[in-house]
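It should be emphasised that the depicted structure is a prediction, and the values quoted were computed from it without experimental measurement.
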Amino acid sequence: MLITGCSSGLGRATALHLAASERRVIATVRSPLAQHALRDEARAADLDLHVIRMDICDAASVVRGLDEIGRLTGGIDALVNNAGVEVTGPMEHTTEENLFWQLETNVVGTYRLTRAILPAMRQARSGHLVFVSSIVGRAARPFLSAYCASKYAVEGLAESLYWEMRPFGVSVSLVEPGRYPSQLTRNGRNIRHAPEDCPYSQLHAEYHAGLATWEPKGYQPDPHEVALAIEQILDTADPPLRRPVGADALATLEAQYGRTFEEYEDDVIRQLGLSSWRSQP
């Protein structure tokens, strides 16, 4: 089993959890420091967890990594596409360079690695492909335009692949987490060079204050919830295409279900206390 993006957050939690479940796990990281840290943690817990360096944005790195995996295991029966980065900030201040950087990791890199693994799974007529998406790939949120675009792309990629792989016995699933502690923002790019009089500052603060009201009081999201969801997918012969995880993710889908976008918009504005966000004549 191969899991990408395991230096921290959801990837790290998933790799350690699945290795503790007596699965043979190969985790990828980009830096030597992260490789040593995760390897030492796994050894201390006596886990069968191999940690290799792979940058999915680098085609040569992917080839080297897959060659190393071939020597270690002989093949990959499951791939968890978790590696990702996040660009945050209003679209007006998000440059094309930031957008391309966002898409290169979350979409192109994911596409590159998955495509390289498909022939072996198709020929074996078995395997699991899991894409860690986000609830913002189903319902976009403001100040995340580049990130939302990348996750909407992942959703479309995986859903199309679901139909292509189904006749060959290969399952494809999307895990759609809500808010969870991770290093996405630290590893990403927060657009901080907006002018001091940026017209979005107050709106940004209002939105995030309101978003917290969608979660139960005292709710503390635990990355292991995502690890458990991935484990359940891997243990299911015919898993669902989509698996939302987290209180805010479920609240978002509940608000959307069976409604027009305008009805959903009114509900979000009302529940999050964003009366000033209603369109002005």
Are [X] and [Y] joined in one hydrophobic group, where the rule is that I, L, V, M, F, W and Y side chains link up if heavy atoms are under 4.5 Å apart?
{"X": "Leu161", "Y": "Val175", "result": "no"}
{"X": "Ile26", "Y": "Leu234", "result": "no"}
{"X": "Leu174", "Y": "Val170", "result": "yes"}
{"X": "Trp101", "Y": "Val108", "result": "no"}
{"X": "Leu38", "Y": "Val226", "result": "yes"}

All pairs passing salt bridge (Lys or Arg N to Asp or Glu O under 4.0 Å) where [range] contributes a residue, at least two apart:
{"range": "residues 31-40", "value": "none"}
{"range": "residues 1-19", "value": "Arg12-Glu41"}
{"range": "residues 243-258", "value": "Arg141-Asp248"}
{"range": "residues 103-126", "value": "Glu104-Arg112"}

[atom1]-[atom2] distance between [X] and [Y], expressed to the nearest 0.5 angstrom:
{"X": "Leu250", "Y": "Glu176", "atom1": "CG", "atom2": "CD", "result": "10.0 Å"}
{"X": "Ser134", "Y": "Arg179", "atom1": "OG", "atom2": "CZ", "result": "12.5 Å"}
{"X": "Asn98", "Y": "Met91", "atom1": "CG", "atom2": "CE", "result": "12.5 Å"}
{"X": "His50", "Y": "Ile69", "atom1": "NE2", "atom2": "CD1", "result": "10.5 Å"}
{"X": "Ile135", "Y": "Gln256", "atom1": "CD1", "atom2": "CD", "result": "7.0 Å"}
{"X": "Tyr200", "Y": "His93", "atom1": "OH", "atom2": "NE2", "result": "6.0 Å"}

Mind checking whether [X] and [Y] have side chains closer than 4.5 Å, heavy atoms only?
{"X": "Asn81", "Y": "Val154", "answer": "no"}
{"X": "Cys6", "Y": "Val51", "answer": "no"}
{"X": "Leu10", "Y": "Ile230", "answer": "no"}
{"X": "Val85", "Y": "Asn106", "answer": "yes"}
{"X": "Leu118", "Y": "Leu129", "answer": "yes"}
{"X": "Val172", "Y": "Phe131", "answer": "yes"}
{"X": "Met1", "Y": "Asp77", "answer": "yes"}
{"X": "Glu263", "Y": "Asp266", "answer": "no"}

With sequence neighbours left out, what residues match [X] under side chain to side chain contact (heavy atoms under 4.5 Å, CB included)?
{"X": "Ala153", "result": "Val107"}
{"X": "Ile117", "result": "Leu2, Leu66, Ile76, Leu79, Leu113, Met121"}
{"X": "Ala140", "result": "Cys148, Tyr152"}
{"X": "Val268", "result": "Trp214, Tyr264, Leu272"}

Q) For the side chain to side chain donor-acceptor pair (under 3.5 Å) test, which of Lys151, Arg242, Arg138, Glu155 pairs with Ser133? A)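 That would be Glu155; it is the only one of Lys151, Arg242, Arg138, Glu155 passing the side chain to side chain donor-acceptor pair (under 3.5 Å) with Ser133.
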
Under the side-chain hydrogen bond (donor to acceptor under 3.5 Å, both in side chains) rule, collect the residues that match up with [X], sequence neighbours excluded.
{"X": "Gln102", "answer": "none"}
{"X": "Asp46", "answer": "none"}
{"X": "Thr14", "answer": "none"}

Shortest non-hydrogen separation from [X] to [Y] and the atoms involved:
{"X": "Ala249", "Y": "Pro177", "result": "CB-C, 4.3 Å"}
{"X": "Ala149", "Y": "Leu103", "result": "C-CD2, 4.5 Å"}
{"X": "Ile52", "Y": "Gly65", "result": "CD1-O, 3.8 Å"}
{"X": "Gly89", "Y": "Thr94", "result": "O-OG1, 3.8 Å"}
{"X": "Ala229", "Y": "Val245", "result": "CB-CG2, 3.7 Å"}
{"X": "Gly84", "Y": "Thr105", "result": "CA-CG2, 3.9 Å"}

Q. So Asp235 and Arg23, salt bridge (charged side-chain N to carboxylate O under 4.0 Å, His left out) or not? Walk me through it.
A. CA-CA 11 Å; Asp235 286 341; Arg23 302 171 191 263; 2.6 Å; yes

Q. Which is it for Asp48 and Val25 under the side-chain contact (heavy atoms from CB on, under 4.5 Å) test, yes or no, and what are the steps along the way?
A. CA-CA 7 Å; Asp48 187 9; Val25 176; over 6 Å; no

Q. What pairs of residues pass the side chain to side chain donor-acceptor pair (under 3.5 Å) test when at least one of them lies in residues 56-68, not counting sequence neighbours?
A. none

Q | Expected output: side-chain Thr73 to main-chain Gly75 donor-acceptor under 3.5 Å | A |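 Yes; judged by distance alone, with no hydrogens or angles, the pair exists.
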
Q: Before giving the answer on side-chain contact (heavy atoms from CB on, under 4.5 Å), spell out for Tyr147 and Thr88 the whole-Å C-alpha distance, their side-chain angles and the decisive distance to 0.1 Å.
A: CA-CA 7 Å; Tyr147 184 68; Thr88 64; over 6 Å; no

